[in-house]
2 protein chains.
Amino acid sequence: MDGRDAPAPAGVTIYEVAQRAGVSIATVSRALRGTGPVADATREKVMRAVEELRFTPSRAGVSLAEGRHAANGIVFPNLSGPYFAEVLIGYEEVASELGRSVVILSTKGRGAVRDLVRELAGRVDGLAVFGSTVPGDVVDELVASGLPLVLISHAGRPGAMTLRSENAAPARALAAHLLGHGHRAFAFLGAPYATGDDVDERWQGVRGVLGGAVEPVATAEYTVEAGYEAALRLLGGRRRPEAVICSDDEVALGAILAAEHLGLPVPHEVALTGWDDIMAARHARPALTTVRQPMRELGAQAARALDRLIAGGRAEPGHRTLDTELIIRGSCGPHPPGRSLS
Amino acid sequence: MDGRDAPAPAGVTIYEVAQRAGVSIATVSRALRGTGPVADATREKVMRAVEELRFTPSRAGVSLAEGRHAANGIVFPNLSGPYFAEVLIGYEEVASELGRSVVILSTKGRGAVRDLVRELAGRVDGLAVFGSTVPGDVVDELVASGLPLVLISHAGRPGAMTLRSENAAPARALAAHLLGHGHRAFAFLGAPYATGDDVDERWQGVRGVLGGAVEPVATAEYTVEAGYEAALRLLGGRRRPEAVICSDDEVALGAILAAEHLGLPVPHEVALTGWDDIMAARHARPALTTVRQPMRELGAQAARALDRLIAGGRAEPGHRTLDTELIIRGSCGPHPPGRSLS
DNA sequence: TTGTACGCGTTATCAC
DNA sequence: GTGATAACGCGTACAA
């Protein structure tokens, strides 16, 4: 026994493998990647040397030679709620299938976003960016740089591909459904921060149907906590709305808690709706009427689109919208038994 | 006007910058990284050229020359629940502060974990690995490779650093508290899958205090859904326990839903406890008695420890345990008013 | 089928 | 202060 199978010195190079196998580095490379012909016997020797030396090609070396990183980046604001986490799951899964690693960047509470994004852009072959996570001029810079880019839930930017779920149409359907329940005074809890983002589109859709009967109410952010705080004030004040349409499920969950705290039965005293259909929406009491958005699919499609863009697919559609589904549960008002409910 | 400020061809090299600035690449490098002396006037010229050409050093080139990736990896099973997402948040935040990108790898439902981990290991300077995400021999291989490694919530492996929150002690405290409520028949919902992991330690702690009075009950996984399903059977069957100690908050949340479904008031008919103190624990009804674990801090410390290990800090402690806190809320039984509750 | 040699983009060590 | 130039580790024409 010798010490050759001891812990690899972390820096085994292709040269050492070549030497040990008694061949050239070109042959080692060919044997390993299956490019070009290699005699069976030779491949055997190479493989053995690779095993013994625990050789793994240096990623930096490969990247430099190949001219690619085999990695995708993704920029999101935070991972506190289920939404971004779910999209990330779909993104990572597909990217992984396509042989690409995923480098993440969270911008929430970050100062030097521009530099961080540049740094990230430099180590990936393509980037997925959520709307409102990066300043507009930084996005423009990315577009101009030619880096394959997919904007998720973004208002859209000339030259960049955009991917999002539909908002306006289901928002209108949701509003119409609430009208069907007989509600007449509405609030939209979680008023949009930026024009053109997902929440803004939902708000526009809702207002298109309800007109002056709906009032926008801001929340500090789109979280359960913030929804709870804002709903406490909204529902506790005079002129309480009959129905509260929330920007998303988390805000709605907070609103349910606020209603309970105030002793207001949902949906009898106040109706509520969310958006996204996160796991907890089904488990809330009452179960949350919401709009299901294919979160994982959003991430998955982003990864796939990026792969195509990287491969050189110029003909990529500039804009893609995923379907959503109105999910009627108990929080929006009483329904005849036996209907819907999932 | 000329076309020089058009979109950078994505492949601007240091040579082009040097040529445009009328200096050598060495000078460009020095000017950019502040290493070595550069005349002010020269620096000026270089910077201008850099701006005009939108030059960003190739990450692969830098990595190869520097011999490091400036990136950390992290391996987790999934991101469906808040637990791993929270740890990841803390990890990414600190890594980012330390100038390191974060490359993620999810192993849930993945076949070729070994290859994926190798691939990941090849593109980072250090790796954080959650327990039970990677086969033991793969961990051994990583340790042997000399790659800086932090095992999170792991049973421990000779040669690798381990970081986790305490389990046994708070588990005993929790069990004692439940005994104080007068409960006498217990179930541990979410029985451990692997010996030595977090849940196993909790189970051991609980059993140490309750002995034969507690029965382990398995769940399909540690999720709300699985907890609900298993609790439905457990609470619906004969010999229903008086108190159910759950492996974590998500399982406990599912158990609360099951109890409600069965018309069993919590905590009066059945007491429940969770673990982790995820956001939803505070909002559950009744609010969940649980053990608070510093999830983000776990990630943050992992990133910091890794940074030290990478810097060459040999004297790194082999094992580090973070404190937890028993959070008494309403789900474990009636408390005299005015006490605790957060 | 295999080996030689060059290129990938930077960093850093020397001379000047 | 500045400029050649040798690594860094690998992929791959091209030659043999």
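Per chain, numbering begins at 1; letters A, B, ... match sequence-line order.
- Checking R118(A) against T56(B) by side-chain atom types alone, no donor-acceptor pair falls below 3.5 Å.
- The minimum heavy-atom distance linking R59(A) with A70(A) is given by the pair NH2-CB, 3.7 Å.
- Checking side-chain atoms of S63(B) against main-chain N and O of A60(B) turns up no donor-acceptor pair under 3.5 Å.
- Judged purely by distance below 3.5 Å, without hydrogens or angles, the side chains of S106(B) and R110(B) never pair a donor atom with an acceptor atom.
- Within the 3.5 Å criterion, the main-chain N or O of A144(B) finds no donor-acceptor partner in the side chain of R54(A).
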Please tabulate, for the side chains in residues 71-80 of chain A, all donor-acceptor contacts under 3.5 angstrom to protein atoms that are two or more places apart in sequence or on a different chain.
residue: N78(A); atom: OD1; partner: S80(A); partner atom: N; Å: 2.9
residue: S80(A); atom: OG; partner: R296(B); partner atom: NH2; Å: 3.4

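- Residue E44(B) contributes atom CD, which lies 18 Å from atom C1' of dT2(D) at whole-angstrom precision.
- End-to-end axis angle of the helix from dT1(C)-dA16(D) to dC16(C)-dG1(D), from C1' rotation axes over five pairs per end: 40° (rounded to 10 degrees).
- Per the geometry, CG belonging to D125(B) stands 18 Å off P belonging to dC8(D), to the nearest Å.
- The environment of CD in Q19(B) is sparse: at most 12 heavy-atom neighbours from other residues, nucleotides or ligands sit within 6.0 Å.
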Quiz item: Where along nucleotides 8-13 of chain C does protein come under 4.0 Å, by heavy atom, of base (B) or sugar-phosphate alone (S), with - for untouched nucleotides?
Solution: BBBBB-
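- Across all strands, S63(B) comes closer than 4.0 Å to no nucleic acid atom at all (heavy-atom distances).
- The side chain of S24(A) contributes no N or O atom lying less than 4.0 Å from OP1 or OP2 of dT4(C).
- The existence of a salt bridge linking E16(A) and R20(A) is excluded, since no basic side-chain nitrogen approaches an acidic carboxylate oxygen closer than 4.0 Å.
- To the nearest angstrom, C1' of dC10(D) lies 14 Å from CZ of R68(A).
- Atom NZ in K45(B) sits about 8 Å away from atom P in dT2(D), given to the nearest Å.
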